[in-house]
Amino acid sequence: MTTHASVVEASGLGLTFETADGPVHALSDVNLTIGKGEFVSFIGPSGCGKTTFLRVIADLERPTAGTITVNGAAPGQARKDRAYGYVFQAPALYPWRTIERNVALPLEIMGHSRAEQQKRIARTLDMVNLSGFEKKYPWQLSGGMQQRASIARALAFDADLLLMDEPFGALDEIVRDHLNEQLLDLWAKTEKTICFVTHSIPEAVYLSTKIVVMSPRPGRVTDMIESTLPRERPLDIRETPQFLEIAARVREGLKAGHSYADQ
Amino acid sequence: MTTHASVVEASGLGLTFETADGPVHALSDVNLTIGKGEFVSFIGPSGCGKTTFLRVIADLERPTAGTITVNGAAPGQARKDRAYGYVFQAPALYPWRTIERNVALPLEIMGHSRAEQQKRIARTLDMVNLSGFEKKYPWQLSGGMQQRASIARALAFDADLLLMDEPFGALDEIVRDHLNEQLLDLWAKTEKTICFVTHSIPEAVYLSTKIVVMSPRPGRVTDMIESTLPRERPLDIRETPQFLEIAARVREGLKAGHSYADQ
Amino acid sequence: QDLYPVTFQLKWVNQGQFAGYLVAKDLGFYEEAGLDVTINPGGPDIAPEQVIAGGGADVITTWMAAALAARERGVPLVNIAQPFATTALEMVCSEESGVESTADFPGKTLGVWFFGNEYPFYAWMAQLGLPTDGSEQGVEVLRQAFSADPLLQGQADCISVMRYNEYKQVIDAGIPEDSLTLFNFADEGVGMLEDGLYVLEDRLADEEFVDAMAAFVDASMRGWAHAKANPEEAAEIVLNNDMSGALMLESQVYQVIEAAALVGDSPALDTDAYEQTVATLLSAVSPDNPAITIEPEGAYSTVVTDRIE
Amino acid sequence: MKRWVDGRILPITVVVLAIVLIWYVFTVLLNTPWQQSVYGREGAVDVPFTQFLSDVFSQQRPVLPAPHQVAAEFYTSVFNAPAHTPRSLIFHAWITLSATGLGFVFGTLLGIGLAVLIVHNRAIDKSLMPWVIASQTIPILAIAPMVVVVLASVRLTGLIPKALISTYLSFFPVVVGMVKGFRSPEAIHLDLMRTYNASPAQVFWKLRWPAALPFLFASMKVGVAASLVGAIVGELPTGAAGGLGSRLLAGSYYGQTTQIWAALLMAAALSAALIFAISALEKLTERAMGARA
Amino acid sequence: MNGWLITALLVWLAAWGINEFLIRARTGNRTIRSAINIIVPVIFGVTLLVVWEGLVRGFSVPAVLLPPPSVIWQRIVASIPNPIWPDFQQTFLKSVLVGYAIGCGSAFVVAVAIDRSPFLKRGLLPVGNFVSALPLVGIAPIMVMWFGFDWQSKAAVVVVMTFFPMLVNTVAGLNATGAMEKDLMRTYAASYWQTLMKLRLPMAWPFIFNALKINSTLALIGAIVAEFFGTPVVGMGFRISAAIGRLQVDMVWAEIAIAAVAGSLFYGVIALIERAVTFWHPSMRGERAP
Ligand SMILES: Nc1ncnc2c1ncn2[C@@H]1O[C@H](COP(=O)(O)OP(=O)(O)OP(=O)(O)O)[C@@H](O)[C@H]1O
Ligand SMILES: Nc1ncnc2c1ncn2[C@@H]1O[C@H](COP(=O)(O)OP(=O)(O)OP(=O)(O)O)[C@@H](O)[C@H]1O
Ligand SMILES: Cc1ncc(C[n+]2csc(CCO)c2C)c(N)n1
Ligand SMILES: [Mg+2]
Ligand SMILES: [Mg+2]
């Protein structure tokens, strides 16, 4: 699998929900290739199909048109191979498990030994600055801490592909900056492929090698921007002209696909 | 009432929650005066007492120390006078009412005539770009639309004081910009007093005449910045040095009160 | 030696009414007769006819009218013995009701036991020509529950009582005996044979079974004789067999004495009484009360009683 | 004082006292007619009110026995009768309790089993659920005697028939509650399991079961009360085999109202105790599952 | 004779197959979907009856123990005008409906009344649970003592049986309102009644309907069983008990069938009203939240 050049390949991808009010075209004619080791951000107004696209990759939703492969096979195969880790928009922690048992959940299911579980839990909780909170239950944590725990859970089993749906949505700017750095660090070290949904233009530009701008009704890709920023990115890269230029292009793309009345 | 110079006056204000684990000092020694027509933003890490302060103003929480007056009287009087409109952090729409009936709710309670209700609903829904969605139920709208409906509801009865708790949290940058403009417009036209909680530094700087930076454990005010920006603010004011300078000061204040592990 | 197993289903809970059988069991009369008898108490909603049809009993005790009705519905019951030679069903009316004779019945509310116990009453009303639909000229029928309460609480003008049981309760409650008007169903010409012993017809082809039944009936009659002679001891035995713990010794002594008085000298069925029961039932056929519609055949057999001496 | 008002002891005491008071008033109202007819027969006139009250509160077979009469009867039949004899309420309560327990265990297991099938198989869900509802509209209590007779014909007697009636009454709340409970995990929690490619058994044990536990306890509380009613009803037809049901019946054959009420009190106390036991279990489980204090 | 057993087995297997097929059939057509949702349980029910018929006949079960459905059906057809219809009137139209209305109605009123007093709530609810645990068989004779032997005493039993489930659920429903929704009303300085009518009652409907549904089956059972304890000679419970005594077991099952159909319809009607009133509740929407 590591020899595959492209991790995700979608062509002519479409997905229509049949609802009582008639069909909703959540995705339409999406063509996209994500290479191994890329960091791809998805940005676009609410309802443009970002979540839906991630769910299609994860085999949580079945496309109604076009084709998609993940690691060269059907998404279902990748799911069965446990080839990806998914961070949902909400933390989705199980309230009856402590933070540590929540992070252990995928490890239990995938049959890791107790000792191995302990090691990985310690490592990933440390990564998201949650050491010391192992024995707390989710409701004893603030919203931001919960979201970090869910990120730890997705990282714990070390999948090569990470699907992250607005993982930093509920966090304030300072924490966000910190976690952005951590994520870039992890990505640089491990050569993972990351699909990242966000509403924040600076965040998208700061993190990505490729930015996919989407627009709704029907959900489609309106712009695709290959970042020219270097892989090494200190936080203050965000004040460079190069950065601001990319950000401006993203903002333009976003504005074009926007209309207030219908989203 | 319109002759009062200060709308909110807090001095030595403190609020301690008694919990099973011991007392939580949500607010401590807060001194603050909000004049009529001011636009005050509250910013600070999660758990620093922003929501709690708004709730004290709204007479939803009773302070345990110090004094506070709203429109020169006790907060309870202001509540009974229906002197403020409150936008909660979550939309809190009633699922059995259509959008239009949700906006009508305060109007029904305050005894407005049917015709008057219709007029105000139309006006405020238009203001938040939701015309055409009058007959939909909340669950048929995206998260962002719900949040806008709840804003319309708070605007519908035209209170002089608006208390808004992260009203634009779930919205993407473009919609946020648009609503920021709308809000400034409304504020300029109507001379309302607005208390606004946000996590976004640019938003706080762009909107406010005064920015209150808070810090947790105990919740207190660590910095108070009077904005030097003109009242007339086009969107691109955000690229001016003056703007960036204020933003930098806010960021410094925020960072000072910050520590990752405990919030 | 091997005892012959017999399961015996009563029509009602263990009480003085069945003293003879309980005495025979407790004092070992059945065992002496080579039988291992299990006595299953009944209850308000247990139909012994149904129990025996389902194979839950070898022999049952029930009222003849109910047995004949069951026979017509396809449960081939046969009377093999009739320990109770006379009847104890009566109707008692309170002073306030103003009932002094059957002529006063119209417009009154009468308590009746259903569940196969209603046939004598309907025969009686048919004989009197009284409709039972609650109309002015007729009587209103109340399905009477377990006790004498409807009379004591004034819900009914008259209620059904067993001479040996509910009647005593009415008296014990403090109502003077002379203030009551009492109708005896036998005296009114609608008496029907009460507790008899019944088995399924095809079992009688089995010689061994017939022998066992003969032994059973004989031992039961010894039990009754003993109970008659020693009512206190019999009442104690009844109380020992009462799992509800609600029976009172004094009333059970009374009940044993009264019940034992109903037992005839011979367990053999009096065919005249049988004919009269059948005739009364047939005289009262109505859609509301279909006891039997045609003259039963082979509803009794003397093979068992013939074998005793 | 404040803690008392906020707690439950004082409110419950006040309500119970109020009920006892109302009870006494009704005792007077309901027993007066009989008392007057007694006075009428005795020719007693101008009975002083205190005498009247004491007479009304000490009737042999009152329409409604006074609370203290019931309490006295309860006391005698619980403490003054040897516990292994039919005169003792403990004896009867134990018989009923064993049938209740057995039926409740059967019913809960059956309910959980059906709910598992219903949640995992659409065909079973669609075909079975309407009939599970319809089954509860059958007045099982009315045909309980026939059930007892039919079971006796296949040599099932004693505890089993009563327990089966209990089962029939108690499985329904459990099915309904557990179907709801097993379906209570949010879509996103199920999706999470899907991304791990978890097996149905793993989804069940790691997600559906823990999520359904609150529903299980709620339905068990309803179910255990239903079981008790079932056991009592199952004891009615075999009216002489002991148990609170037969005690109730025997009380009414022989006009012993006070005995009925004492048995009723015992039945209610039993069910309260059972429900309390389940609540305790619930609390323990909740604590183990990290619920909020 | 064993032809019956084999037929029963075959019908059962065939029906199972058909149902599995119907369930698996994927179609976007809504009318077909809802038709399938009706057909599947019907097939299941018919199969149940056929298997019953086959087993009873195949094993020659005595008719006085369990009659086959065909015989029961004949009995129903023959007895509708008398006695089934009068019985139905007495038990369902009088005892059940009146008792149900009074029981649920008064519990609702009491729930609203004690809603303002946490003291009463804390005191009354546990005692209420205790009282509702009183066995029906114990209450029924007492109600006959108090309200006479006609339908009023049965209705009283139904009132007692339905009161506490309704009370407990209504109180729970009135407390189900979220803190933020309540705060919203507070910011409007809404009166108690405004808050009740516009917020708490709508919020409570799902709970209230839960009780109404449970009570619909409880009420019927209660009324029927209460008739075992003294009645005029009409009513479904009376008929069932009297018919057992006369070994007219087909009549017993005919009444039971009527009771089951009436009870299911009653339940169904309440469920339909629930669907209309609480259309907004997530369990009724079945769509994903935005
Ligand atoms: N299960 C579903 N049934 C019907 N419509 C759906 C369903 N899921 C999504 N949609 C619709 O598909 C469109 C795309 O939704 P999606 O959740 O992918 O948006 P998004 O880009 O993630 O938005 P957001 O920024 O709000 O998360 C929306 O119009 C949504 O209403
Ligand atoms: N009802 C309560 N009981 C106990 N503690 C509370 C209560 N409400 C708030 N707190 C605590 O008071 C502190 C301030 O909470 P508050 O909600 O005001 O924070 P905030 O600044 O609004 O945070 P956020 O940005 O997450 O909305 C927190 O530590 C919180 O845990
Ligand atoms: C429901 C009911 N049916 C009958 C009786 C009265 N009873 C007592 S013993 C007996 C039969 C004697 O063999 C009868 C009819 C009752 N009390 N309750
Ligand atoms: Mg999304
Ligand atoms: Mg807040």
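Excluded from the calculations below are hydrogen atoms, water molecules and symmetry mates; all remaining heavy atoms, backbone and side chain alike, are included. Given the structure is predicted, the values throughout are model-derived calculations rather than measurements. Within every chain, numbering begins at 1; the chains are lettered A, B, ... in the order of the sequence lines, protein sequences first and strands thereafter.
Using a 4.5 Å cut-off between heavy atoms, D:R87 touches chain C through backbone and side chain atoms alike. With a threshold of 4.5 angstrom between heavy atoms, D:Q259 approaches chain C through side-chain atoms but not through N, CA, C or O. The parts of C:L152 that come within reach of chain D are both its backbone and its side chain, each placing non-hydrogen atoms under 4.5 angstrom from that chain. Both the backbone and the side chain of C:Q50 come within contact range of chain D, judged by heavy atoms closer than 4.5 Å.
By the 6.0 Å and 45° rule, D:R61 does not stack over the aromatic ring of D:W261. Cation-pi geometry between C:K25 and C:Y30 is not met: the NZ or CZ atom fails to fall both under 6.0 Å from the ring centre and inside 45° of the normal.
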- Item | Candidate pair C:Q15 and C:Q255, rule side-chain contact (heavy atoms from CB on, under 4.5 Å), full reasoning | CA-CA 8 Å; C:Q15 59 172 359; C:Q255 189 167 133; 3.1 Å; yes
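Under 4.0 Å is where a charged nitrogen must lie from a carboxylate oxygen, and between C:D195 and C:K11 no such pair does. D:E235 has no carboxylate O lying under 4.0 Å from a charged side-chain N of D:R247, or vice versa, which leaves the two without a salt bridge.
With respect to chain D, the highest number of heavy-atom pairs below 4.5 Å among C:D172, C:L247, C:L10, C:V51 belongs to C:L247.
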